Number of protein chains: 2
Amino acid sequence: MGKNRITIHDVAAKAGVAISSVSRVLSGHLDVSEKMRAKVEAAVAELGYEPDHLAQSLRKGATNTIGFMIRDITNPLFSIVAQSAEHELRKAGYSMILINSHGDLDAEKENFALFKRRRIDGVIASLVSEDSPYVRNTINELGAPVVLLDREVTGLNASAVICDHAQGVKQATADLIKNGNKKIAFVSGRKDVFISRNRIKGFEEAMSDAKIKVDENFMRLGKFGEEFAYEQTKDLFSGKNQPTALITGGIGASTGALRALKELKLKPGKDIAFVALDEWPMFDVLTADLSSVYRDPEEMGRQSARLILDLIADEAPSQAVVPTTYRPRSSSKAVVHA
Amino acid sequence: MGKNRITIHDVAAKAGVAISSVSRVLSGHLDVSEKMRAKVEAAVAELGYEPDHLAQSLRKGATNTIGFMIRDITNPLFSIVAQSAEHELRKAGYSMILINSHGDLDAEKENFALFKRRRIDGVIASLVSEDSPYVRNTINELGAPVVLLDREVTGLNASAVICDHAQGVKQATADLIKNGNKKIAFVSGRKDVFISRNRIKGFEEAMSDAKIKVDENFMRLGKFGEEFAYEQTKDLFSGKNQPTALITGGIGASTGALRALKELKLKPGKDIAFVALDEWPMFDVLTADLSSVYRDPEEMGRQSARLILDLIADEAPSQAVVPTTYRPRSSSKAVVHA
DNA sequence: TTAGACTTAGGAATCGTTTCCAGTAATTAC
DNA sequence: GTAATTACTGGAAACGATTCCTAAGTCTAA
């Protein structure tokens, strides 16, 4: 149907001028007479011409496209980050190509290759892997700037949006302690991942401040995701030495833990103190007044967009720190237990 | 840094052959000798050459890119649809450009224009608007096939994934009636939108089957989204003629209604029967056993990908129907009330 | 040995832009 | 009135691939 695309040739022919002149008018170049401008603009309007983005990209060497790689857009936190970043990039004239890595390292590598082939102008990514030779290599070979989410980057030509997890977790832990909890369990992902490490730091600081020794048996650091947290929670509350409070790292972990607690008939805020790290949609409506540590995903999206645009504009890499705030609700109150 | 991109020229020079020969080898063309193949492949491997997707697209006239437009990727249902579609398209060699329309008609128009300029190979969209001259025009002018989500398309060169909302709602309503409810309120979006219309159809059928007259005062059809549902729910349960059961259409509406019910201290399944249309993540864990009408978002994503690929392969437009299933839980049980 | 058929490789056009380079026309200065 | 400057414009070369067309080379058959 609309097979016959209108090109700059058609416009030039209609206006009776050279192709280069049309281009000059359209790009707002200065050296163009009023008469020329009028002629071209009339032809453009009449034909309904719109420049082909593909050809422009090829010629200019810039695609105005940002690759956004994420483990799983289904994660409500990251879907907000993505949305907010997209909105911001859009305003700057960029489109966003979205790719899920499904937490798979091979997929991640492939995605970087795809980005490269597509000549993306920049990448915002929440990586599976931590800092490693592989990561450094890929980022260097990419030939485009990179912004990492929740990763410490050192000596790499990349910016990062990092959340100050420690701060919020520290506050939360302190509050649990103040409420009489000493035996606090912590269920989260691998310790060598930045986000876990950072959260644990806050946890340990608060414990140390209160002169409470951390019980290693209560530190369940293995995998992100629902299943691991489910199993660990079940296990934590089956033995003799049971915690009185529970902190769960991330949305998946919180879900798994809540599922387990439900089955164990332990009600957060009644039978056990509970703090979830990160919130999800309808958090306040749906959860029975769960306390949380909150970080603003929209802000994360905005910052990541800003950072990548800065890098594209050839500014030096930098970091944006997003604060986290403890939101006490009834689930972290004192618990009389064991 | 990696400024000097490796092109097909470099490969040709290194292998000592013509550019066209390199292209022929790489595209797996038949008429190429073994010796040539070996030479070229060696050069490709040595230089680490990867063809430029941009140049390929320009020449071939296909970008292997699908535009995915959605009101709001933050909506958990649609984020799953997007993820699933992306996964499927990826397997077929396509990438996905994601754009939010924020439910804004102007943004939607702009997005279509963007897709066109980017020479997208196809579009999957959840439109703001219903069938209208504007929609027909844009889709026809787009020059690329379109798959619409939850829209009836008639006489349009587009496929659609439509959910059989009526079926699930009918079952749910029948169950509410069986449980003794006669005064059933229905809070949802505008009646002229396909999804609402379809749901109401199921509702009215069940009511009609049970010979219960629909009380127009209980039909609160205005806007999608949290706020409207919140207000309407508050209003429904403030007057003298109060319903005993409530059905809410969509995740936003359910949230708003639940928030209102919470404030009104009406507990679903205890003080009022309640059915939510659509589920959201952790539905079973977080909600107090809410009944729901479920549709499989992953299936929606898969089907939309399949349909767009079919259209690109020049098959005739078609429709995929995704079933909905009523999932009774304790919130829809009988309520002794007023 | 030569004509004809068949492989295979190279050259050039093309996709739709931008941008550099000349060159013409208009303007100013002397 | 001529030279020097300036203001525009058109032509052509990129960008990096694919593909058509042609020609060279190989092989078979008479």
Side-chain angles (χ1 to χ4, degrees), chain A residues 2-41 43-44 47-65 93 116-121 143-144, chain B residues 2-41 43-44 47-65 93 116-121 143-144:
Chain A
K3 203 66 217 147
N4 25 16
R5 184 175 298 280
I6 296 156
T7 74
I8 198 169
H9 280 90
D10 305 323
V11 178
K14 176 132 227 151
V17 301
I19 291 178
S20 46
S21 298
V22 177
S23 176
R24 243 174 263 129
V25 169
L26 261 48
S27 64
H29 199 287
L30 344 82
D31 292 344
V32 64
S33 69
E34 263 321 305
K35 219 195 300 181
M36 171 69 82
R37 177 176 309 279
K39 271 198 290 187
V40 169
E41 279 174 354
V44 165
L47 295 172
Y49 166 72
E50 293 207 68
D52 185 324
H53 192 264
L54 221 51
Q56 288 182 316
S57 298
L58 180 60
R59 181 58 235 242
K60 296 211 239 179
T63 53
N64 277 52
T65 308
K116 190 174 178 184
R117 263 165 47 74
R118 283 197 173 248
R119 292 248 225 137
I120 237 100
D121 291 339
Chain B
K3 203 66 218 146
N4 24 17
R5 184 175 298 280
I6 295 155
T7 74
I8 198 169
H9 280 88
D10 305 324
V11 178
K14 174 132 229 152
V17 301
I19 291 178
S20 48
S21 299
V22 177
S23 176
R24 242 175 265 129
V25 169
L26 261 48
S27 64
H29 200 286
L30 341 83
D31 292 345
V32 64
S33 71
E34 262 322 304
K35 220 196 301 181
M36 172 68 83
R37 177 175 310 278
K39 271 198 288 187
V40 169
E41 280 175 353
V44 165
L47 295 173
Y49 167 72
E50 292 207 70
D52 185 324
H53 191 265
L54 221 51
Q56 288 182 318
S57 297
L58 180 60
R59 180 60 235 242
K60 296 211 233 176
T63 53
N64 277 51
T65 308
K116 190 173 177 186
R117 263 166 47 77
R118 285 198 172 246
R119 292 248 224 137
I120 238 100
D121 290 339

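Here the structure is a predicted model, which means the values were calculated and not measured. These numbers come from the heavy atoms of this one structure, side chains and all, not from hydrogens, waters or symmetry mates.
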Legend entry - DNA chain D contacts among residues 48-56 of chain A, heavy-atom distance under 4.0 Å: none
Legend entry - Along DNA chain D, first and last positions that approach a heavy atom of chain B under 4.0 Å: dG16(D) to dC20(D)
Legend entry - Sugar-phosphate only, base, or nothing, as touched by R119(A) at under 4.0 Å among non-hydrogen atoms: sugar-phosphate
Inset, instruction - Dump the intermediate steps for side chain to side chain contact (heavy atoms under 4.5 Å, CB included) on R5(B) and D52(B), then the final yes or no. - result: CA-CA 9 Å; R5(B) 184 175 298 280; D52(B) 185 324; 4.3 Å; yes
Inset, instruction - Please round to 10 degrees the angle between the axis of the first five pairs and the axis of the last five pairs in the helix from dT1(C)-dA30(D) to dC30(C)-dG1(D). - result: 60°
Inset, instruction - Send over the distance from R117(B) CZ to dG16(C) P, rounded to a whole Å. - result: 15 Å
Legend entry - d(CG, L58(A); P, dC15(C)) in whole Å: 14 Å
Inset, instruction - Would you mind telling me which residue lines up with the more 5' stretch of DNA chain C, R59(B) or H9(A), judged by nearest nucleotide? - result: R59(B)
Legend entry - Check: R118(A)/T65(B) side-chain N/O donor and acceptor closer than 3.5 Å: yes
Legend entry - Rounded distance in Å - CG (N64(A)) to P (dT18(C)): 12 Å
Show me, pair by pair, the donor-acceptor contacts under 3.5 angstrom made by side chains of residues 33-40 of chain A, not counting sequence neighbours?
from   : atom 1 : to     : atom 2 : distance (Å)
S33(A) : OG     : M36(A) : N      : 3.2

Legend entry - From CD (E41(A)) to OH (Y49(A)), nearest 0.5 Å: 13.5 Å
Inset, instruction - Under the side-chain hydrogen bond (donor to acceptor under 3.5 Å, both in side chains) rule, collect the residues that match up with N64(B), sequence neighbours excluded. - result: none
Inset, instruction - With sequence neighbours excluded, tell me which residues meet salt bridge (Lys or Arg N to Asp or Glu O under 4.0 Å) with D121(A). - result: none
Legend entry - Listed partners of R59(B) passing side-chain hydrogen bond (donor to acceptor under 3.5 Å, both in side chains), at least two apart: none
Compile the donor-acceptor pairs under 3.5 Å between side chains in residues 10-26 of chain A and protein atoms, sequence neighbours left out, one pair per line.
from   : atom 1 : to     : atom 2 : distance (Å)
D10(A) : OD2    : T7(A)  : N      : 2.8
K14(A) : NZ     : E46(A) : OE2    : 3.4

Inset, instruction - Report yes if some heavy atom in the side chain of R117(A) is under 4.5 Å from a heavy atom in the side chain of Q56(B); otherwise report no. - result: yes
Legend entry - Under 3.5 Å: donor-acceptor pair, side chain of R119(B), backbone of L54(A): no
Inset, instruction - Indicate for each nucleotide in nucleotides 5-10 of chain C, in 5' to 3' sequence, whether protein heavy atoms under 4.0 Å reach the base (B), only the sugar-phosphate (S), or nothing (-). - result: ---BBB
Legend entry - Whole-Å gap separating P (dC20(C)) and NZ (K60(A)): 13 Å
